[in-house]
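Along the sequence shown, residues are numbered consecutively beginning with 1. Note: hydrogens, waters and symmetry copies are ignored here, and every other heavy atom, side chains too, is used.
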Amino acid sequence: MTPRAHINRIATALPRHEVHEAFRRFAGRQIADSRTRIAFARLAERSQIARRYSVLQADAAATGTVDGFYRLDHFPPTGSRMARYEAEAPALAEAACDALGLAAEAPRLTHLILASCTGFAAPGLDHHLIRRYGIPGGVERSIVGFMGCQAAVNALKLAHHIVRSEPRARVLVLTLELCTLHLQPSTEIEQLLCFLLFADGCAAALVTAEPEGLALEGFHAALVPEAARQITWRIGDLGFDMTLSGFVPLTLARALPAEAGAILGGVPTAEFDLWAVHPGGRAVLDAVAHGLELPDAALAESRAVLRDCGNMSSATLMFVLARMLAAPRGARGVALAFGPGLSAESFRFRVA
């Protein structure tokens with residue numbers, strides 16, 4: 001009998017600097033046009049975000065960061081942003097791994113999967129974790145890179161396939177994003193949303209065949225090719241440049257009904273108790289609720305993570321799933337996230 005992969009446990013970590021209001025004000029200082037300024041203020045009021053965290057410390061006057069990484073008259077080149085990622089990412093990864101109890105688990109790990117789209121270095125975080133925790137040098141390593149907010153699902157899918165083919169496998173899945181390293185100078189609303197929405201965070205998870213935690217069931221991937229340019233993620237001279245179109249919520253609301261059968265495995269919506277939807281923003285959650293005809297309370301956990309942490313790209317869905325580990329045994333759930341393309345990744349799960 002083919003074993004079923006389980007997310008046995010999840011631990012999360014945030015940087016120490018809370019920056020939501022300061023970054024909102026910093027963005028506002030870039031807007032000269034009064035109509036754009038009013039529109040941005042309206043979006044800020046409706047964001048349903050109370051707190052976001054960054055490895056950067058915003059200055060009190062909201063004119064940039066304390067160390068000068070950002071200033072109104074200066075945004076760093078890509079090389080400086082990657083150097084900062086390489087310097088800051090290990091401590092945040094360790095905070096999540098320590099909370100997971102990795103030191104005790106490390107000798108038994110067989111696979112390490114790292115998902116990140118906001119920074120790259122080689123040797124990178126995978127090598128750092130091997131050295132730091134004494135993970136066997138023969139551990140099989142995989143990097144899920146540049147897949148955006150949906151990458152946690154891709155990483156878990158890879159862990160799922162590994163455990164199904166190797167029942168004794170013990171897989172560490174780490175999702176780490178430092179989104180705030182990629183703010184861009186702009187007066188355009190879609191670009192300024194990055195100042196309003198994105199944050200830093202990390203999650204570490206253990207996936208094995210042991211029947212504890214969340215049992216992973218059917219995965220499903222979908223593309224909306226006609227909307228390919230609505231979410232893009234490209235490397236530029238001033239960091240990584242994201243496009244997040246205001247049409248994304250409308251596209252999702254229209255596209256999801258046609259995919260609902262595959263996402264839910266033919267099971268009626270009412271039979272699912274848990275909905276772990278990537279909180280890409282308030283409007284995205286509203287669109288998913290509309291497209292899948294979900295009750296008002298269905299996305300409470302996703303909205304809570306958005307409120308408390310903002311959008312941490314690939315790590316965010318893991319924060320939502322972590323809140324569901326304590327759900328009653330047998331509860332059924334759906335996880336769903338979106339990324340460049342426009343694409344959607346999903347899976348079903350059950351509390352073991």
Side-chain angles (χ1 to χ4, degrees), residues 17-82 84-85 117-119 146 148-149 177-200 227-251 279-284 286-287 306 310-313 338-340 342:
H17 303 300
E18 200 286 306
V19 296
H20 180 59
E21 179 60 20
F23 275 8
R24 184 195 66 77
R25 290 167 55 210
F26 181 42
R29 287 176 180 270
Q30 298 185 66
I31 306 171
D33 177 68
S34 60
R35 297 175 77 179
T36 304
R37 193 162 52 245
I38 291 169
F40 183 72
R42 236 181 244 134
L43 287 170
E45 288 175 7
R46 298 174 183 172
S47 70
Q48 296 183 354
I49 298 173
R51 291 172 291 279
R52 285 180 296 145
Y53 296 84
S54 173
V55 295
L56 306 170
Q57 183 179 3
D59 68 18
T63 58
T65 56
V66 169
D67 61 1
F69 186 82
Y70 290 127
R71 298 194 311 267
L72 285 172
D73 61 347
H74 170 78
F75 282 71
T78 302
S80 297
R81 299 179 196 239
M82 291 301 92
R84 193 62 177 262
Y85 179 96
C117 70
T118 50
F146 225 60
C149 299
E177 304 288 8
L178 303 185
C179 302
T180 64
L181 297 184
H182 296 288
L183 302 180
Q184 303 286 322
S186 179
T187 58
E188 299 296 323
I189 284 288
E190 289 182 355
Q191 192 66 63
L192 290 170
L193 283 175
C194 295
F195 286 84
L196 186 63
L197 182 63
F198 287 98
D200 303 345
R229 299 183 67 82
Q230 290 184 13
I231 301 180
T232 63
W233 189 226
R234 292 185 171 89
I235 298 176
D237 294 333
L238 294 179
F240 299 174
D241 191 1
M242 162 159 272
T243 297
L244 182 60
S245 169
F247 288 103
V248 168
L250 179 61
T251 299
R282 177 197 57 80
V284 168
D286 290 346
L306 179 67
N311 182 345
M312 301 165 285
S313 191
F338 312 99
L342 173 68

Cys179 vs Asn311, test: side-chain contact (heavy atoms from CB on, under 4.5 Å). Steps then yes/no. CA-CA 9 Å; Cys179 302; Asn311 182 345; 5.8 Å; no
Could you go through Cys117 and Trp233, starting from their C-alpha distance and side-chain angles, then the distance that decides it, and tell me whether this counts as side-chain contact (heavy atoms from CB on, under 4.5 Å)? CA-CA 9 Å; Cys117 70; Trp233 189 226; 3.6 Å; yes
Hey, mind stepping through Phe146 and Phe240 against ring-ring contact (aromatic ring centres under 6.0 Å, His included) and telling me if it holds? CA-CA 10 Å; Phe146 225 60; Phe240 299 174; 5.6 Å; yes
Residue pair Ser47, His20: steps toward the side-chain contact (heavy atoms from CB on, under 4.5 Å) verdict: CA-CA 11 Å; Ser47 70; His20 180 59; 4.3 Å; yes
Compile the donor-acceptor pairs under 3.5 Å between side chains in residues 64-71 and protein atoms, sequence neighbours left out, one pair per line.
from, atom 1, to, atom 2, distance (Å)
Thr65, OG1, Asp67, OD1, 2.9
Thr65, OG1, Phe69, N, 3.0
Thr65, OG1, Tyr70, N, 3.0
Asp67, OD1, Phe69, N, 3.0
Asp67, OD2, Arg84, NH1, 2.8
Asp67, OD2, Arg84, NH2, 2.9
Tyr70, OH, Arg81, NH1, 3.4
Tyr70, OH, Thr180, O, 2.6
Tyr70, OH, Leu181, O, 3.1
Tyr70, OH, His182, N, 3.3
Tyr70, OH, Leu183, N, 3.0
Arg71, NE, Asp73, OD1, 3.0

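Between Tyr85 and Leu178, the closest side-chain pair of non-hydrogen atoms falls below 4.5 Å. Using a 4.5 Å heavy-atom threshold, the side chains of Ile31 and Leu192 count as touching. You'll find the side chain of Gln184 reaches within 4.5 Å of the side chain of Asp241, heavy atoms only. Considering only heavy atoms from C-beta on, Phe23 stays 4.5 Å or farther from Leu196 through its side chain. With a 4.5 Å cut-off on side-chain heavy atoms, Ser245 and Ile231 do not count as touching. The shortest side-chain heavy-atom distance between Arg29 and Thr63 falls under the 4.5 Å cut-off.
We find that Arg24 and Glu21 are joined by a salt bridge, their nearest charged nitrogen and carboxylate oxygen being less than 4.0 Å apart. Taking a cutoff of 4.0 Å between a charged side-chain nitrogen and a carboxylate oxygen, Asp33 and Arg37 do not qualify as a salt bridge.
For the atom pair CD of Gln30 and CG of Leu72, the computed distance is 6.5 Å after rounding to the nearest 0.5 Å. The CD atom of Glu18 sits 7.5 Å away from the CZ atom of Arg51 when rounded to the nearest 0.5 Å. To the nearest 0.5 Å, the span separating CG on Leu193 from CD on Glu188 amounts to 11.0 Å. Rounded to the nearest 0.5 Å, atoms OG1 (Thr118) and CE (Met242) are 10.5 Å apart. Between Glu45 atom CD and Leu43 atom CG the span is 9.5 Å, to the nearest 0.5 Å. Note: Leu197 CG to Ile49 CD1 = 5.0 Å, rounded to the nearest 0.5 Å.
Closest approach of Ala58 to Ala22, counting heavy atoms only: CB-CB, 3.4 Å. Nearest heavy-atom pair across Ser313 and Glu177 is CB-CG, 3.6 Å. Between Arg282 and Arg46, the shortest heavy-atom contact is NE-O, 2.8 Å.
Listed for the Thr78 side chain is a donor-acceptor partner under 3.5 Å among the backbone atoms of Gly236. A donor-acceptor pair is defined here as one N or O able to donate and one able to accept, closer than 3.5 Å; no such pair exists between the side chain of Gln230 and the backbone of Leu244. Formation of a donor-acceptor pair under 3.5 Å by the Thr251 side chain with backbone atoms of Phe247 is found in this model.
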